[in-house]
Each structure stands twice: as C-alpha cells, then as structure tokens.
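All values derive from a computational prediction rather than experimental measurement. Convention: sequence-line order gives letters A, B, ...; per-chain numbering from 1.
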There are 2 protein chains.
Amino acid sequence: MSGKERLPVRGAQGDLLRLVAGGHAESRAELARLSGLAASSVSLRVEELIDSGLLVEEGSGASRGGRRPRRLRLSPTAGLLAVADLGAHHVRLGLLDLSGTPLVIEEHPCDINRGPEAVLDWMADVFDELLERHGRDGSSVVPLRGIGTGIPGPVDPASGRVVSPSRMPGWNNFPVAEHLGRRYDLPVLVENDANLMAIGEARAWPRCDNLMVLKAGTGIGCGVIVEGRLHRGRGAAGDISHVRVRTDSSVTCSCGHSDCLEAYASGAALMSALAEHGITVRRPAGIVTSVDDGVPEATALVRNAGRLIGEVLTVLVNFFNPDAIVVGGSLSAAEPLISAIRAAVYERCLPLATRDLEIAVTRVGRDAALLGAGSLLLDAALAFESTHV
Amino acid sequence: MSGKERLPVRGAQGDLLRLVAGGHAESRAELARLSGLAASSVSLRVEELIDSGLLVEEGSGASRGGRRPRRLRLSPTAGLLAVADLGAHHVRLGLLDLSGTPLVIEEHPCDINRGPEAVLDWMADVFDELLERHGRDGSSVVPLRGIGTGIPGPVDPASGRVVSPSRMPGWNNFPVAEHLGRRYDLPVLVENDANLMAIGEARAWPRCDNLMVLKAGTGIGCGVIVEGRLHRGRGAAGDISHVRVRTDSSVTCSCGHSDCLEAYASGAALMSALAEHGITVRRPAGIVTSVDDGVPEATALVRNAGRLIGEVLTVLVNFFNPDAIVVGGSLSAAEPLISAIRAAVYERCLPLATRDLEIAVTRVGRDAALLGAGSLLLDAALAFESTHV
DNA sequence: CGCTTAATCTTCGATCTCGAAGGAAGATGG
DNA sequence: CCATCTTCCTTCGAGATCGAAGATTAAGCG
C-alpha cells in the first residue's frame with residue numbers, strides 16, 4: 001500500500017464500512033439486517049470491500065442455530081487514527097485502527113499552561129514517534145487517516161477553536177484544528193473532552209440511547225447522548241458546572257456568578273477546601289486516595305460534592321429522562337461521591353423518571369475520550385475521503 | 001373514492017408523500033433535493049402519486065431564477081385526521097387534511113373529571129358529527145385516516161395509557177388508545193399535550209432544531225424538540241413542574257415533595273394565591289385579564305412565577321443549549337411572565353448558551369397541540385397503511 | 001427583442017438493488 | 001447416524017434507480 005490511496009466510501013459501501021468499523025456488525029447477515037439492504041447486495045459490496053483491501057474475512061463467529069457467520073473485520077492496513085485527550089496536567093494519546101481498537105496508548109505529563117502552540121507541536125511530535133514505532137503492518141506503512149483531540153474546555157466544533165475556557169490561559173479563541181491541519185493534510189477533530197468521553201462511553205451502554213456522562217475531575221463536565229448521538233445544541237450543550245446550588249455559604253465563581261456547582265464540587269474546589277484543613281493534594285486523584293485512606297475531612301467533602309451534583313442532576317433527569325447517568329473522571333473512583341449522587345437523585349426525582357434509571361461508574365475507564373475521538377474521527381475520515389476524491 | 005382503499009406509501013413513494021404532507025417540499029425539484037433521489041425517479045413516483053389521486057398539481061410557485069416549479073399539494077380527498085386537545089375544563093377538537101391544514105376547529109366546555117369513558121365517547125360523537133358536516137369533498141366521502149388526542153398529564157405513548165396524572169381523577173392507567181381504537185379501526189395517537197404543542201410549534205420555527213416549548217396553563221408542562229424530533233426519553237421527558245425552587249416559604253406539592261415549581265408558578269397555584277387576596281378567577285385566562293386590568297397583586301404574582309420558571313430554565317438552558325424557548329398556554333399572554341422569564345435566564349445563564357437564544361411567545365397559538373397531533377398522526381397513518389396491506 | 005443563464009422537468013440506456021430460490025454449513029433431536 | 005430445521009451466503013432474472021442529455025420555461029440584460 002502506498003499510504004495515499006482513497007477509501008472507497010461512497011454510497012452503500014461507505015454505510016457497510018461504517019457499520020463494521022463502528023462495531024455494529026460482524027457478518028454479512030448482520031450487515032443486511034442493520035443496513036436494510038438485501039442480503040445479495042450486501043454480499044456484492046462486501047466482496048468489493050475485501051478486494052480493495054479494506055475488509056478481511058477472519059474465521060467464523062458463533063452460530064445462532066444455523067450455519068456460522070463468516071466474521072468480517074477492518075483490515076489492519078486500512079488506516080490509523082491518532083487521538084489525544086488533553087487534561088490540565090497530563091495528556092493521554094494513542095493510535096487506533098479504523099475500528100477504534102487501540103494499538104498503543106500512552107500518558108505523559110503536560111502543562112497546558114505552556115500555551116497552545118507549544119503543547120500542540122509537542123503532541124504532534126509524539127504522534128510522529130508513535131507512528132514510527134507502530135505505524136506499519138509487516139512491511140507496509142499503514143496510512144494515517146485522521147487526528148483528533150479532546151480539550152478540557154468549551155470548543156466550537158465547526159471552527160475547531162477553543163471558546164472562552166476557564167482554566168486554559170492563552171488558549172482562548174486559538175484555532176486548534178487549523179494549527180494541526182497545517183501539519184497534516186487530514187481531517188482534524190477538536191472537541192470538548194466530556195463530549196468525547198460521552199461518545200466513547202455510549203458504545204459500552206448498548207441498550208441506552210439517552211445518556212448523561214459526567215466527568216468529575218479538576219472541573220465538572222458533562223456530555224449528552226440523545227438517541228445514540230452526541231447532543232451539542234448550539235455548541236455549548238452539556239454545561240452543568242455553572243448552575244447555582246443551594247448552600248448556606250456564598251462563594252463567587254470564576255464565571256462571575258455566585259454559588260456555582262463548580263465552586264463547591266469540582267476537584268479544584270475540593271483540593272483548595274482540603275488545603276484549608278491542612279491536607280495538601282496535587283491532583284484530583286489524590287482526593288480519592290485520601291478518601292480511601294479514611295481521611296474524614298476528605299470523605300465529608302466528597303460526599304457533600306456528590307449531594308450537590310445530585311441535586312443539580314435532579315432537574316436534568318426530570319427534564320431529559322435518560323436511560324443512565326455514567327460518572328467518569330478521576331473523582332469517579334470515590335465511592336462516596338457516587339452514592340451521594342444516587343441518594344440525591346432517587347430521593348427527589350419523579351418516580352416515572354427514575355423507575356429504570358441507572359446511575360453507574362464508567363465502564364470504559366480512562367480511555368473513554370480517546371475511543372470517543374476515534375468514533376467521531378472515523379465518520380470525519382470517511383466523509384473526508386468521499387468528498388476529496 | 002370508496003373511502004377504504006389503502007394509501008400507496010411503501011418505499012420511495014411514502015417518503016415523497018411524507019415530504020409533501022409535512023410541508024417540507026412543494027415541487028419535484030425540492031423533493032429531489034430533500035429525498036436524495038434522482039430527479040428522474042422523483043418525477044416517476046410523483047406521476048404515480050398523482051395518478052392514484054393522492055397528490056394534485058396546483059399552479060406554479062415562485063421562480064428562483066429559472067423555470068417556475070409546478071406546485072404539488074396533497075389532494076383534499078386523500079384523507080382526514082381527527083384531532084383533539086383535552087384540557088382541564090375545555091377541549092379543542094377539529095379535522096385536518098393530511099397536510100395538517102385545519103378544515104374545522106371547535107372548542108367545547110368539557111369537565112375532565114367526568115372520567116375517561118364519558119369524555120372519550122362524547123368526543124368521538126363530536127368527531128362523527130364533524131365528519132358528517134365536513135367530511136366530503138364535492139360528492140365523494142373523504143376517508144378518515146387517524147385519531148389523535150392530547151392529554152393534560154403523563155402518557156405512555158407505546159401503550160396509549162395515562163400514567164399517574166396529578167389532576168385527572170379516574171384516568172390513572174386508563175387505556176385511552178385502546179378505548180378509541182375499539183370505535184375506529186384506525187391508528188390512534190395519544191400523547192401528552194405539551195409534547196404535541198412542541199411538535200406543532202416546531203414547524204413554525206424553521207431554523208430551530210432544538211426547542212423547549214413551555215405550556216403555562218393550569219399546570220406547567222414542557223415539550224422538548226431535539227434535532228427536529230420530539231424527545232420522549234423513557235416516556236417522561238420534559239417534566240419541569242416538580243423541580244425544587246428557591247423560596248423563603250415552604251409549600252408541599254401534590255407529588256409529596258416540598259417547594260415544587262408547580263406549587264408556586266402554575267395557573268392553579270396562582271389562582272389560589274389570588275383567592276387569598278380576595279380576587280376570584282375561574283380559569284388561568286382570568287389571571288391574564290387581571291394583569292391586563294392592572295390588578296397589582298396579579299401582576300406581582302405572575303412576575304414572581306416568571307422569575308421562578310426562569311430560574312429553573314437556567315439550568316436547562318446551560319445543559320440543553322436550545323435555539324429557542326417558546327412559551328405557550330393561556331398564561332403566555334401575560335407580558336410580565338415572559339419578561340420575568342427572560343430576565344432570569346439572561347441574567348444567570350452562560351453567555352455562550354444565551355448568545356443566540358430566543359425566548360418568545362408561541363407563534364402558532366392555541367391550535368399548536370392540534371397541529372402537532374396532526375403531524376405525528378400522519379406518520380402513524382402512513383406506517384399503518386404500509387403495514388396493514 | 002434576442003442572447004445568456006438558471007432552474008424545472010422528462011427521456012432513455014446503463015447500472016444498481018431486490019427478492020426468490022437454492023446451496024452450504026452447522027444445530028437439533030430422535 | 002440421518003432427517004430436519006435454522007442460519008448464512010450466493011446466483012440470477014425482474015424491476016427500480018441513476019445520471020447524462022435534452023426539452024421547457026422564465027429571469028436578467030444589453
């Protein structure tokens with residue numbers, strides 16, 4: 001493979017490729033069921049996709065009472081996606097194949113305050129290095145098909161710019177997508193980290209089409225999945241951190257309003273509250289350690305944070321009526337946080353809304369945002385290939 | 001026409017019919033653009049639809065710089081839909097053609113407390129009478145294609161049952177759809193009234209795919225439109241009336257919790273608050289009259305209700321980030337209500353979320369729920385015809 | 001008024017998709 | 001072990017869809 005040929009992704013072929021890549025279908029029969037095409041047409045298209053080297057047949061699947069299906073997979077040589085999840089102090093990045101399976105994932109310390117150019121250029125260097133080491137299958141170079149990154153702040157996905165972030169000095173209005181696009185002639189995806197997390201998580205909740213995915217880390221983020229797809233609204237959907245909460249005291253948030261949820265329940269807020277008790281932790285994960293170590297102040301603070309978050313979720317659960325609320329982010333490992341959220345939601349919501357509501361910890365774990373980026377990027381990559389022929 | 005023949009609505013023809021009926025397309029060219037079919041295929045299918053008497057050509061539309069399009073309409077003889085909007089003390093009902101245009105709409109007093117059988121049977125009698133008077137085009141009988149009704153309480157749309165309503169004694173768990181279905185062998189639609197209102201309103205907000213439609217009447221309801229489609233969640237989505245509000249006093253709501261929005265800001269709550277001031281009104285519309293007459297207590301109460309509603313909306317606007325909030329229901333005619341809602345939302349929401357947010361009064365008016373019922377019913381009717389061949 | 005441009009709609013042969021029928025491979029059950 | 005059922009996949013003719021080319025109608029403009 002030369003690494004530059006286009007994917008044949010127009011029309012029916014593209015749909016089939018998407019279904020296989022998205023993990024929705026593994027055999028011709030499944031493709032026929034999901035795509036709505038006739039079985040005969042599916043066979044024909046699959047034949048072509050195999051001929052062009054994008055799909056491969058690999059063994060056979062489990063029988064459902066008859067002949068075994070012949071399993072289809074994306075060819076490992078079809079392409080790679082480079083994805084990153086930028087956090088406040090660390091970045092996770094890796095390479096995925098087109099079906100979203102990770103080849104390699106690494107975590108590096110990275111101070112986001114160094115500014116966009118420095119961070120993004122360094123990130124691209126790491127990508128190049130990863131490609132050098134993992135970007136070949138046997139002797140052939142596997143082509144890179146897209147770049148995606150999550151940003152811990154609001155993003156305008158159309159322009160790929162960061163929009164008035166609260167904890168990223170120097171990044172406001174920076175054209176992240178454009179900057180990365182100058183280095184790679186490929187589709188570039190820039191999206192809020194909680195949104196990516198939501199997409200990554202959604203695949204792990206197959207019967208749940210409406211999801212709220214909470215990211216409890218340094219800040220509080222939320223991604224919303226409606227009917228299986230990310231809901232962006234006008235671009236800012238999912239914010240719950242600047243909602244006013246019921247408290248006795250009064251704190252002014254960085255946004256200028258008083259008593260925002262973020263000012264009481266974010267990892268940053270908890271860390272500074274702990275500091276007032278003489279307990280110093282450097283990362284939100286340290287709070288979890290303190291809780292696990294049985295530090296009473298930490299447990300009390302985390303439980304209170306859970307209660308506040310839960311009270312905000314109350315309103316949203318009645319309104320949005322999701323199938324599940326998934327909690328991720330580094331604080332999600334703190335058991336008292338989850339149980340306090342559960343208690344608040346189940347206590348105050350309408351019975352109709354909580355009847356079948358599941359409130360649970362992430363199933364995917366720390367890679368959720370990377371997998372989500374892969375999932376979105378695949379669509380972008382296929383669209384790119386089909387419009388740039 | 002015999003009035004019993006099936007609509008030819010399978011495959012491409014059905015899609016085209018839906019596009020015309022839904023008001024999305026008015027010419028072959030538009031159909032081609034929206035359906036994704038080739039212009040030639042569209043011409044062919046439209047030809048057949050005209051031959052079978054469902055579509056008619058009617059004059060020509062405005063030129064866009066070239067040949068004028070030949071306008072397509074649903075034939076007035078294609079079918080009728082009977083729709084109703086059940087309120088606490090009144091019912092509005094009427095007949096629509098398949099494109100959702102009203103032939104006749106009437107309002108009758110109707111006490112919902114008489115129980116489901118009495119109300120529904122009487123409603124069906126009125127439908128029969130309307131059909132008698134308006135159900136013919138020239139000499140031919142136009143067939144009835146579906147029945148739909150809005151209910152002022154929670155509805156399980158799958159089963160067509162009312163689910164634990166707060167102000168409809170005797171209706172709990174009553175199978176409304178089944179009851180109506182016994183009288184008519186037709187698709188029957190039963191849906192919450194605020195949801196129907198939202199669908200009806202959505203057509204009047206063409207550039208707004210994400211809408212919150214508030215119904216402020218005896219109770220407080222809310223319908224949610226996501227990406228142009230009604231969001232039901234697990235069936236209970238859109239409830240905002242049992243959210244806890246920030247107040248000094250403390251009131252217990254009928255749901256058992258304290259300080260629900262409904263207990264302060266619903267028409268029912270406002271009426272009893274007015275009664276304490278010695279001002280008696282019988283319907284929520286009477287509150288509006290009092291406000292217009294300059295009764296200070298009424299204005300103050302309504303403004304306070306608006307503020308409380310606005311504060312609840314704050315959370316939802318940040319989270320859902322809609323294009324517009326539309327306020328309907330009888331209280332929406334009270335100017336202080338709207339301005340108080342606006343003030344609260346614009347004051348407290350994130351700038352990103354309110355930047356392009358429109359908060360406005362209903363464009364459709366009192367018939368919104370009827371039109372919404374028609375819109376949903378059309379889909380149900382086409383699906384019914386295509387599965388029952 | 002004729003020329004150009006633009007949009008709508010139709011004609012017609014090439015191509016794609018469907019669905020019925022049948023072959024392949026395995027589960028089930030005497 | 002063999003008949004029977006189920007599921008998966010392919011073959012092949014009928015029919016639907018496409019797209020290019022052309023006919024039709026009309027606006028814009030010198």
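With sequence neighbours excluded, no residue satisfies salt bridge (Lys or Arg N to Asp or Glu O under 4.0 Å) with B:Glu201. Under the side-chain contact (heavy atoms from CB on, under 4.5 Å) criterion, B:Ala202 pairs with B:Leu211, B:Ile225, not counting sequence neighbours. Considering only residues two or more places apart in sequence or on other chains, B:Arg232 meets the salt bridge (Lys or Arg N to Asp or Glu O under 4.0 Å) condition with B:Glu191. Residues passing the side-chain contact (heavy atoms from CB on, under 4.5 Å) test with B:Asp356 are A:Arg234, sequence neighbours excluded. For A:Arg70, the side-chain hydrogen bond (donor to acceptor under 3.5 Å, both in side chains) partners two or more places apart in sequence, or in a different chain, are A:Glu57. Residues passing the side-chain hydrogen bond (donor to acceptor under 3.5 Å, both in side chains) test with B:Arg207, sequence neighbours excluded: none. By the side-chain hydrogen bond (donor to acceptor under 3.5 Å, both in side chains) test, A:Ser60 is found to be paired with no residue, residues two or more places apart in sequence or in another chain being considered.
Among the protein residues, B:Arg45 comes within range of the sugar-phosphate backbone only, with heavy atoms under 4.0 Å from sugar or phosphate atoms but none that close to a base. Looking at heavy-atom distances under 4.0 Å, B:Arg71 makes no contact with the nucleic acid at all. Residue contacts shown for B:Leu44 are absent, as no nucleic acid heavy atom lies under 4.0 Å away.
Of the candidates D:dC8, C:dG19, D:dG19, the closest approach to any side-chain atom of A:Ala38 belongs to C:dG19. The side chain of A:Arg70 has D:dT10 as its nearest neighbour among C:dG19, D:dT10, C:dT17. Among the nucleotides C:dT10, D:dG19, D:dC9, the one closest to the side chain of B:Ser43 is C:dT10. Taking only side-chain atoms of A:Ser41, from C-beta outward, the nucleotide of D:dC8, D:dA20, C:dT17 with the closest atom is C:dT17.
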List, one per line, each side-chain donor-acceptor pair under 3.5 Å for residues 43-51 of chain B, sequence neighbours excluded.
| unit_1 | atom_1 | unit_2 | atom_2 | d |
| --- | --- | --- | --- | --- |
| B:Arg45 | NH1 | B:Glu48 | OE1 | 3.3 |
| B:Arg45 | NH1 | B:Glu48 | OE2 | 2.7 |
| B:Glu48 | OE1 | B:Gln13 | NE2 | 2.4 |

Under 3.5 Å, side-chain donor or acceptor atoms of residues 30-39 of chain B against the rest of the protein: list the pairs with distances, not counting sequence neighbours.
| unit_1 | atom_1 | unit_2 | atom_2 | d |
| --- | --- | --- | --- | --- |
| B:Glu30 | OE1 | B:Glu26 | N | 2.9 |
| B:Ser35 | OG | B:Leu31 | O | 2.7 |
| B:Ser35 | OG | B:Leu37 | N | 3.1 |

With the criterion being N/O to N/O and under 3.5 Å, what pairs connect the protein with nucleotides 26-30 of chain C, and how long is each?
none

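Using a 4.0 Å cut-off on heavy atoms, the residues of residues 21-31 of chain A that approach DNA chain D are A:Ser27, A:Arg28, A:Ala29, listed by number.
In this structure, the helix from C:dC1-D:dG30 to C:dG22-D:dC9 shows an angle of 30° between the axis at its start and the axis at its end, each fitted on 5 base pairs and rounded to 10°.
Judged purely by atom type and a 3.5 angstrom limit, B:Arg71 has no side-chain atom pairing as donor or acceptor with the backbone of B:Glu58.
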